[in-house]
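Remarks on the structure that follows.
In the text below, chain A, chain B and the rest are named by the order of the sequence lines, each starting its count at 1. As the structure is a computational prediction, the values presented were derived from the model and not from experiment.
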Number of protein chains: 2
Amino acid sequence: MNFDDKSYKEKKVISIGTVRELTGLSERQIRYYEERKLIFPARTASGIRKYSFLDVERLVDIANQIEDGVQTYEIRQQWKKKEKQKEDWKKQMLKGQLQAHFKNYDGK
Amino acid sequence: MNFDDKSYKEKKVISIGTVRELTGLSERQIRYYEERKLIFPARTASGIRKYSFLDVERLVDIANQIEDGVQTYEIRQQWKKKEKQKEDWKKQMLKGQLQAHFKNYDGK
DNA sequence: CGTGTAAGGAATTCTGACACG
DNA sequence: CGTGTAAGGAATTCTGACACG
C-alpha cells in the first residue's frame, strides 16, 4: 500500500561517515568491501559514495561473516548461489503454471 | 511486524546537499525553515545537519504552502492546532474507555 | 518575509600507496 | 587477505552578513 516505505530502505542517500556510525565499521572496511564487489554504493556527480539502509544492513552481514573467518570472495560466491536458487524457483513456478494450463486444454 | 521500516523513515541520516536534490529546494530555504522552527534536523558532533525521510516530506509540504502564500508562522500555528486536536482526540478515547469501565462496574 | 549570494573556515570524502602479516 | 594510516586535493557544510523588497 505505502510503497514509499520500501523505497526508503533502498534509496541511496547516506554518506560514508554516517554509515560508519550506523555500522561501527571503519571507512577503510566499507570501501574495501566495495572493492571486493560485495557492496555497490551510488555516486554523486562529484564522486561521493551514497548508501541505502539496505546497504547498511548488508555491510553488517558482511562484517559478521568476515569475523567468522569467511573470505570476501566466498561471500560473493554464496550470494551468487542464492541468486541462482531464486532463479530456479521462479522457473519452477512458471513450469507449474504452464502444466496447469495445458491440463485444462487437453483433459477436456 | 518489521518495525525497522518505520525507523528508516525517521532516522536522521541525510545531509543537506542530498535533501536539496530530493526536494528541489535550495540549501538557503532548507536552513531558513529551520530558523523559523518548522523543521528540526539532528546535528553531528561537528555541527553537520542530518535529516530523515520524514523531514524531507515535511519540507516539500512546507514549500508547497509557502508557494500558496502561507507565511511560516502560520504554518507553525496550523501544526500546533493539529497537535492540539490530536491531544483532544486521545482524551476522548480515554474518556470513552473510562465510561465503559464504570458502566460495567455500576450497571451490574 | 523569504531567498540569493560572496566570504572564510572547518569538517568530510576521495584516491593511491606503504605497511603488516 | 583484510585493515590501519599519513598525504594532498577536491567537494561539502557552516555561520553571519549584506541585498532586495
Between C/dC14 atom C1' and A/Tyr51 atom OH, what is the distance in whole Å? 11 Å
Using the salt bridge (Lys or Arg N to Asp or Glu O under 4.0 Å) rule, collect all pairs that involve residues 13-35 of chain A, keeping only residues at least two apart or in two chains. A/Arg20-A/Glu27, A/Glu27-A/Arg31, A/Glu34-A/Arg43, A/Glu34-A/Arg49
Report yes or no: does B/Thr23 contribute a side-chain atom to a donor-acceptor pair with the main-chain N or O of B/Leu25 at less than 3.5 Å? yes
For A/Met93, what are the other residues in its hydrophobic cluster, where any two members join if their side-chain heavy atoms are less than 4.5 angstrom apart? A/Trp89
Ring pair (Phe, Tyr, Trp, His ring centres under 6.0 Å) contacts in which one or both residues fall within residues 11-53 of chain B, not counting sequence neighbours: A/Tyr8-B/Phe53
When the distance from CZ of A/Arg20 to P of D/dT3 is rounded to whole Å, what number comes out? 16 Å
Nearest-angstrom distance from the residue atom CD1 of A/Ile30 to C1' of D/dG4: 14 Å
Return the value, rounded to whole Å, for the distance between atom CD1 of B/Ile14 and atom P of D/dT12. 16 Å
A/Gln65 side chain vs A/Ile62 backbone, donor-acceptor pair below 3.5 Å: no
Dot-bracket notation for DNA chain D, counting Watson-Crick and G-U pairs under 3.5 Å, with | for partners on another strand: .||||.||.|.|.||.||||.
Could you tell me whether the side chain of B/Asn64 reaches within less than 4.5 Å of the side chain of B/Glu67, counting heavy atoms only? yes
Between C/dG4 and B/Ser26, is there an OP1 or OP2 to side-chain N/O distance shorter than 4.0 Å? yes
With the threshold set at under 4.0 Å for non-hydrogen atoms, list the residues of residues 32-50 of chain A touching DNA chain D in residue-number order. A/Tyr32, A/Tyr33, A/Arg36, A/Ser46
Can you check the B/Lys12 NZ to D/dT13 C1' distance for me, whole Å? 17 Å
A/Arg28 side chain near D/dG2 phosphate (N/O to OP1/OP2, under 4.0 Å): no
Counting only pairs under 3.5 Å, give me each side-chain donor-acceptor contact of residues 71-88 of chain B, with atom names and distances, residues two or more places apart or in other chains.
{"residue": "B/Thr72", "atom": "OG1", "partner": "B/Arg36", "partner atom": "NH1", "Å": "3.1"}
{"residue": "B/Glu74", "atom": "OE1", "partner": "B/Gln71", "partner atom": "N", "Å": "2.7"}
{"residue": "B/Arg76", "atom": "NH1", "partner": "B/Arg36", "partner atom": "O", "Å": "2.4"}
{"residue": "B/Lys84", "atom": "NZ", "partner": "B/Asp88", "partner atom": "OD2", "Å": "3.2"}

So does A/Gly96 get a backbone contact from the side chain of A/Gln99, meaning a donor-acceptor N/O pair under 3.5 Å? no
Whole Å only: how far is the CZ atom of A/Arg31 from the C1' atom of C/dT12? 10 Å
Measure the spacing between CG of A/Leu94 and CG of A/Leu98 and express it to the nearest 0.5 Å. 5.0 Å
Taken to the nearest whole Å, CD/A/Glu27 to P/C/dG16 is 17 Å
